[in-house]
> 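One structure, as structure tokens, below. Some questions next.
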Amino acid sequence: MKAALLCLVAAVALSSACDSGEPTDSSARASRTTPTSVSPAPDGKGAKAILNQAFAGREALGSGYGRLQPQIGNTLPAIPENVRSVTFAFACTGKGKAVVKFTVDGRYVPSATHTSTCDGSIFQQSVEVSASDSGPGPISFNADATGPGNGSFAYSFYVEKKQQP
């Protein structure tokens with residue numbers, strides 16, 4: 001009995017050592033499958049499936065997903081020079097709330113602040129990108145999440161408009 005328990009503990013430890021706990025995936029192809037529910041997944045894949053379904057075929061510049069935490073954020077550091085606007089999409093599950101804020105080229109954009117209910121719905125924000133001598137500046141988001149600790153989130157930056165050559 002003691003040996004079986006030790007084997008079980010070792011198997012659990014080895015399987016969780018393979019998972020970083022903070023998956024990000026900017027190169028995955030969009031899935032066309034319908035999520036079976038919007039219930040939380042401990043790894044964020046439920047929220048990721050919601051965005052993949054809604055934005056199938058769109059060009060993603062960066063994305064990420066994971067377990068809903070009190071503070072979430074990331075920066076899209078480089079934007080291709082021919083991109084004139086970007087759509088930011090965010091979804092969360094778990095019945096909490098997330099207040100999403102943006103900075104563009106280092107400047108806070110108060111008019112873009114939004115409170116999302118973590119029920120699987122998608123929040124979208126269009127962000128105009130200004131061209132400068134040094135190219136378009138970075139776009140960052142930060143979200144303060146509240147509510148039950150069993151939710152998940154996903155976000156992605158998609159190309160919205162490109163300058164024609």
Side-chain angles (χ1 to χ4, degrees), residues 9-80 83 85-106 108-110 112-127 129 136-160:
V9 169
V12 169
L14 287 174
S15 67
S16 50
C18 295
D19 183 11
S20 69
E22 293 186 21
T24 55
D25 185 7
S26 60
S27 62
R29 303 307 304 154
S31 169
R32 294 186 185 270
T33 60
T34 302
T36 55
S37 74
V38 294
S39 62
D43 58 5
K45 289 182 181 174
K48 180 182 176 194
I50 293 167
L51 290 185
N52 284 347
Q53 180 182 1
F55 293 93
R58 297 276 304 266
E59 181 183 350
L61 297 172
S63 64
Y65 62 97
R67 180 182 209 132
L68 196 60
Q69 302 170 33
Q71 279 86 37
I72 304 164
N74 209 341
T75 298
L76 180 62
I79 301 163
V83 173
S85 66
V86 172
T87 296
F88 171 81
F90 180 85
C92 56
T93 64
K95 305 301 180 207
K97 291 191 183 296
V99 178
V100 184
K101 301 173 187 171
F102 292 90
T103 58
V104 178
D105 204 14
Y108 172 61
V109 183
T113 299
H114 175 79
T115 301
S116 286
T117 301
C118 296
D119 60 1
S121 58
I122 298 171
F123 161 63
Q124 295 180 63
Q125 177 67 46
S126 179
V127 181
V129 179
I139 300 172
S140 299
F141 85 95
N142 291 299
D144 297 320
T146 58
N150 63 348
S152 61
F153 76 94
Y155 70 89
S156 194
F157 296 94
Y158 297 99
V159 172
E160 186 175 299

> By the definition ring-ring contact (aromatic ring centres under 6.0 Å, His included), identify the one residue from Phe123, Phe141, Phe90 that meets it with Tyr155.
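The single option meeting the ring-ring contact (aromatic ring centres under 6.0 Å, His included) with Tyr155 is Phe141.
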
> In Å and rounded to the nearest 0.5 Å, what is the CG to NZ distance from Asn150 to Lys95?
10.0 Å

> Checking Thr93 side chain against Ala47 main chain: does a donor-acceptor pair fall under 3.5 Å?
no

> Which distance, rounded to the nearest 0.5 Å, do you find between the CZ of Phe157 and the CG of Leu76?
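If we round to the nearest 0.5 Å, Phe157:CZ and Leu76:CG are 5.0 Å apart.
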
> Less than 4.5 Å apart, any side-chain heavy atom of Val100 and any of Gln125?
no

> To the nearest 0.5 Å, tell me how far Ser156 OG sits from Phe88 CZ.
8.5 Å

> Measure across Ile122 and Ala54 and return the closest heavy-atom pair with its distance rounded to 0.1 Å.
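Closest pair (atom of Ile122, atom of Ala54, distance): CD1-CB, 3.3 Å.
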
> Quick one: closest heavy-atom pair of Leu68 and Cys92, and the distance?
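Scanning both residues completely, I find the closest heavy atoms to be CD1-CB, 4.2 Å.
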
> Just verifying a value: how many Å separate Asp119 CG and Lys97 NZ, rounded to the nearest 0.5 Å?
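The CG atom of Asp119 sits 8.5 Å away from the NZ atom of Lys97.
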
> Could you tell me which non-hydrogen atom of Gly73 sits nearest to which non-hydrogen atom of Asn142, and how far apart they are?
CA-OD1, 3.8 Å

> Between Phe153 and Arg67, which heavy-atom pair has the shortest distance, and what is it?
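Of all heavy-atom pairs spanning Phe153 and Arg67, the closest is CE2-O, 3.3 Å.
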
> When rounded to the nearest 0.5 angstrom, what distance separates OH in Tyr158 from OG in Ser63?
7.0 Å

> Kindly compute the distance separating CG (Leu61) from CD (Glu160), expressed to the nearest 0.5 Å.
11.0 Å

> Give the intermediate values and the outcome of side-chain contact (heavy atoms from CB on, under 4.5 Å) for residues His114 and Val99.
CA-CA 6 Å; His114 175 79; Val99 178; over 6 Å; no

> Does Asn74 reach the side chain of Ser140, with side-chain heavy atoms less than 4.5 Å apart?
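No, their side chains stay 4.5 Å or more apart.
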
> Closest approach of Ile50 and Ala91, non-hydrogen atoms and distance?
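Minimum heavy-atom contact is CG2-CB, 4.3 Å.
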
> Under 4.5 Å between any side-chain heavy atoms of Thr75 and Thr103, yes or no?
no

> Strictly by modelled atom types, are Tyr108 and Thr113 linked by a side-chain donor-acceptor pair under 3.5 Å?
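Yes, a side-chain donor-acceptor pair sits under 3.5 Å.
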
